[in-house]
Engineer: 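Structure provided below as C-alpha cells; questions to follow.
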Amino acid sequence: MQSFTLCFLVVKLLDLFEMLKLGQKLNEGKTKQIFELVDEPGHVLVQSKDQITAGNAVRKDQMEGKAAIANRTTSCVFKLLQEAGIKTAFVRQQSETAFVAAHCEMIPIEWVCRRVATGSFLKRNPGVKEGYRFSPLKLEMFFKDDANNDPQWSEEQLLETKFSLAGLNVGRCEVDIMNRSTVAIFEVLERAWATQNCTLVDMKIEFGVNVRTKEIVLADVIDNDSWRLWPAGDRSQQKDKQVYRDLKEVTPEAMQMVKKNFEWVSERVKLLLEPKACGRVVVLMGSTSDLAHCEKIRKACGSYGIHCVLRVTSAHKGPDETLHIKAEYEGDGVPTVFVAVAGRSNGLGPVMSGNTAYPVINCPPITPDWGAQDIWSSLRMPSGLGCSTVLSPDAAAQFAAQIFGLSDHLVWSKLRASMLNTWVSLKQADKKLQACSL
Ligand SMILES: Nc1ncnc2c1ncn2[C@@H]1O[C@H](COP(=O)(O)OP(=O)(O)OP(=O)(O)O)[C@@H](O)[C@H]1O
Ligand SMILES: *[C@@H]1O[C@H](CO)[C@@H](O)[C@H](O)[C@H]1NC(C)=O
Ligand SMILES: *[C@@H]1O[C@H](CO)[C@@H](O)[C@H](O)[C@H]1NC(C)=O
Ligand SMILES: *[C@@H]1O[C@H](CO)[C@@H](O)[C@H](O)[C@H]1NC(C)=O
Ligand SMILES: *[C@@H]1O[C@H](CO)[C@@H](O)[C@H](O)[C@H]1NC(C)=O
Ligand SMILES: [Mg+2]
C-alpha cells in the first residue's frame, strides 16, 4: 500500500518536472514542433517556438517570452471552448510553452471567419469599406500552400480534392461540419471577448481528424496570430499581430510594444473563463411526489453549470410559506429563475408570477389521465402574469439557461455548442443512413 502511494507520488513528481517521454518529432513548422508521446498513444506534445513570423517568415525575430504567452492564450481559449462543449484536440497544459493534444491528421485548410471587414478582405473585394459588418458572419477558406501564398478556395474545390485523412474522407458532410463549427467557435469567442469590451474582428482556425476517434476537431492553436481584436471596437487600439505586420522598422522599442500588446491579450484571456453572473434556479414543488421530475431539472441545470435548489411548498395549502420562500430568494440579490412544479391544478407558478418580478417557468408533471385538462391551469392566466410553461424537465432547465445566458457568456456558450453538436449529430445520422441504404 505504502509503496503504491510512493510510486504514485513519484509519478506525480515526474509529471511536475515535465518528464514526458517524447517519441519522434512528427512535424516542425515555423512556430511549433509536434512530438509523439511514448506513454500516451494517440496524443502529441505541441511545443511553441520562441519566435514570431509574419509575411511567411520574411520577418523572423526571436521574441523572448512569446511562446509562453502564446501557450497561455491557446490553453485558455481551448479550455473555454472545451467547457462549452466544442470538440477540440486540446487535452491539457503541460508547461510554460507546451500542451498535450490529441494526435490529428490536419486538414490543410484555413477557415477564416469575419465579423468586420478589414485586411485582405478589402483587397479582394474593392469597394467594401473597412468596418463593414457581416451579419451573418462571413466565412472564407484558404488552401494551406505556402508556395502559392495560401490561395482562397471554394467549397467545390475542397470537395473535388477529396482529401482523405486518418481514414476519413472529407466530403459534403465533413465540409458542412467544419463550416458550421467555425461559425459556432467564432460566436463563442466573440461573446467571451465582448465581456472585456473587445471586438473580435476576425479569426482563422484549422481542423484535424483525431487519429483515434476519426472525429473532426478544432486543432492546431488559437493565439494572437489567429485573430484581430479591437478594444472598444477601435482599430487604433488593436492588440493583435497586425501591430507587428505594420511595424515600419523592427526596433527594440517597437518589439517591446508588440510584446506588451501580446501580454495585454494573455492577461485578459484568463478573464474569459470567469463567469460574469452567478444565477440560480429555485425549483418549487407542490409535493415530494414530484421529486423525481424536479431532480431531472436540477441535473439538467448542472449541465449548464447553473446552481439549482429544490424546495417544497404548496400555494394552495401554505401560501404564506410560498411567499416566505419567495422573499428568501429575492432578498440576497442573486439573480433567480423560479420553476414551479405542481400537478393537477397549478396554483404555484401563477401565484409566484403574480408576486415576483423574477421569471417564473411552469413545468407541470403531466399525467396521462387528466393532463390535457390540468395543463390549462398553467396556460390560462389572469392578466398581469408573465409565467411561461414547458413540459419537459430538460426544457425548463434550458429555458432558465437561456435567461442566464443573456448576461453570462459561459452559460450562453454551452447553449451555443449544444446547438452545434445537435446539428452535427443529425448530419452524421443522415450520412450513416444514406450509406446503409446504398
Ligand atoms: N494536434 C496536432 N496533431 C498533429 N499535428 C498538429 C497538431 N496541431 C498542430 N499540428 C501541426 O503541426 C505543424 C507545425 O505547426 P506550425 O504552426 O509551426 O506550422 P507552420 O509553419 O505554421 O505551418 P502551417 O502553415 O502548416 O501552419 C503544422 O503542420 C500543424 O498543422
Ligand atoms: C498574443 O499576441 C502577442 C503578440 O502577437 C503574442 O506575443 C502572444 O504570443 C500572443 N498570445 C498568444 C497566446 O499567442
Ligand atoms: C501555459 O499554459 C498553462 C495553462 O494555462 C499555464 O499553466 C502555463 O503557466 C502557461 N505558460 C505560460 C508561460 O504562461
Ligand atoms: C458555409 O455554408 C454556408 C451555408 O451553407 C454557405 O453559404 C457558405 O458558402 C459556406 N462557406 C464556405 C466558406 O464554405
Ligand atoms: C466596458 O465598458 C463599460 C462601459 O464603457 C465599462 O463600464 C466596463 O467597466 C468595461 N469593462 C471592461 C472589462 O473593461
Ligand atoms: Mg501554423
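Sequence positions, counted from 1, serve as the residue numbers for this chain. Counting starts at 1 for both ligands and their atoms, in listed order.
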Engineer: Quick one: which of A89, G208, A219, A102 has a heavy atom closest to atom 1 (N) of ligand 1?
Structural biologist: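 When every heavy atom of A89, G208, A219, A102 is considered, A102 comes closest to atom 1 (N) of ligand 1.
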
Engineer: Judging by distance only, is a nitrogen or oxygen of T31 under 3.5 angstrom from one on ligand 1?
Structural biologist: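 It does: an N or O of T31 is found under 3.5 Å from an N or O of ligand 1.
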
Engineer: Looking only at atom types and distance, does a side-chain atom of E174 sit under 3.5 Å from a main-chain N or O of G171, one as donor and one as acceptor?
Structural biologist: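 The answer is yes, because a donor-acceptor pair under 3.5 Å joins these two groups.
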
Engineer: Could you identify the single nearest non-hydrogen protein atom to atom 11 (N) of ligand 4 and state the distance to 0.1 Å?
Structural biologist: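 Going by distance alone, atom 11 (N) of ligand 4 is nearest to N179 ND2, 3.1 Å.
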
Engineer: Crowded around K21 NZ? As in, over 12 foreign heavy atoms under 6.0 Å?
Structural biologist: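 Not buried by this count: 12 neighbours or fewer within 6.0 Å.
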
Engineer: Do me a favour and list the nearest non-hydrogen protein atom to atom 12 (O) of ligand 1 with residue, atom name and distance?
Structural biologist: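 Its nearest protein heavy-atom neighbour is I34 CG1, 3.1 Å.
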
Engineer: Between D220 and ligand 1, which part of the residue brings a heavy atom under 4.0 Å of the ligand: side chain, backbone, both or neither?
Structural biologist: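 Both backbone and side chain.
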
Engineer: Quick one: does ligand 1 sit under 4.0 Å from the side chain of M106, the backbone, both or neither, non-hydrogen atoms only?
Structural biologist: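 For M106, only side-chain atoms sit under 4.0 Å from ligand 1.
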
Engineer: Answer yes or no for atom 4 (C) of ligand 4: protein heavy atom present at a distance under 4.0 Å?
Structural biologist: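 False for atom 4 (C) of ligand 4.
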
Engineer: In ligand 1, which numbered atoms sit nearer than 4.0 Å to a non-hydrogen atom of K144?
Structural biologist: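 Numbered from 1, ligand 1 contributes 24 (P), 25 (O), 26 (O), 27 (O).
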
Engineer: Report the C-alpha separation of F121 and F134 in whole Å, then their side-chain angles, then the decisive distance to 0.1 Å, and conclude whether the ring-ring contact (aromatic ring centres under 6.0 Å, His included) test is met.
Structural biologist: CA-CA 12 Å; F121 184 89; F134 302 107; 5.0 Å; yes

Engineer: Suppose we measure from atom 14 (O) of ligand 4 to each protein heavy atom; which comes out shortest, and what is that distance?
Structural biologist: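 Closest protein heavy atom to atom 14 (O) of ligand 4: E155 CG, 2.9 Å.
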
Engineer: Looking only at non-hydrogen atoms, find the nearest pair between M381 and C387 and report the distance.
Structural biologist: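 Distance-wise, the nearest heavy atoms are SD-SG, 3.6 Å.
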
Engineer: Looking only at protein heavy atoms, which one is nearest to atom 19 (O) of ligand 1, and what is the separation?
Structural biologist: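 It is G29 CA, 3.3 Å.
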
Engineer: Got a protein heavy atom sitting under 4.0 Å from atom 7 (O) of ligand 4?
Structural biologist: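 It does not: no protein heavy atom is found less than 4.0 Å away from atom 7 (O) of ligand 4.
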
Engineer: Walk me through whether V116 and R133 qualify under side chain to side chain contact (heavy atoms under 4.5 Å, CB included).
Structural biologist: CA-CA 5 Å; V116 180; R133 271 184 82 81; 4.2 Å; yes

Engineer: Under 3.5 Å, is there a donor-acceptor pair between the side chain of N148 and the main chain of P151?
Structural biologist: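 No: the side chain of N148 does not pair with the backbone of P151.
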
Engineer: Side-chain donor-acceptor pair under 3.5 Å between T73 and D223, yes or no?
Structural biologist: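 There is no such pair (donor and acceptor under 3.5 Å, judged by atom type) between the side chains of T73 and D223.
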
Engineer: For a side chain to side chain contact (heavy atoms under 4.5 Å, CB included) check, start with the C-alpha distance between R235 and V201, then their side-chain angles and the critical distance, and finish with the verdict.
Structural biologist: CA-CA 9 Å; R235 186 186 198 281; V201 171; over 6 Å; no

Engineer: Out of all atoms in ligand 1, which are within 4.0 Å of some heavy atom of K30? Include the element for each.
Structural biologist: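 The atoms of ligand 1 under 4.0 Å from a heavy atom of K30 are 18 (O), 19 (O), 20 (P), 21 (O), 22 (O), 23 (O), 25 (O).
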
Engineer: Angle class for the W193/W264 ring planes (parallel below 30°, perpendicular above 60°, tilted otherwise)?
Structural biologist: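 Taking W264 first and then W193, their aromatic rings lie parallel (interplane angle under 30°).
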
Engineer: Of all the non-hydrogen atoms in the protein, which one sits nearest to atom 28 (C) of ligand 1, and at what distance?
Structural biologist: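 Result: N27 ND2, 4.0 Å.
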
Engineer: Are the side chain of N346 and the backbone N or O of A342 linked by a donor-acceptor pair below 3.5 Å?
Structural biologist: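 Absent.
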
Engineer: Can you find an N/O atom of K32 closer than 3.5 Å to an N/O atom of ligand 1?
Structural biologist: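 Yes, at least one N or O pair falls under 3.5 Å.
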
Engineer: Identify, for atom 4 (C) of ligand 1, the protein heavy atom at the shortest distance, and state residue, atom and that distance.
Structural biologist: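 Among all protein heavy atoms, the one nearest atom 4 (C) of ligand 1 is C104 O, 3.1 Å.
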
Engineer: Would you mind checking which non-hydrogen protein atom is closest to atom 13 (C) of ligand 4, with the distance to 0.1 Å?
Structural biologist: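 It is L139 O, 3.6 Å.
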
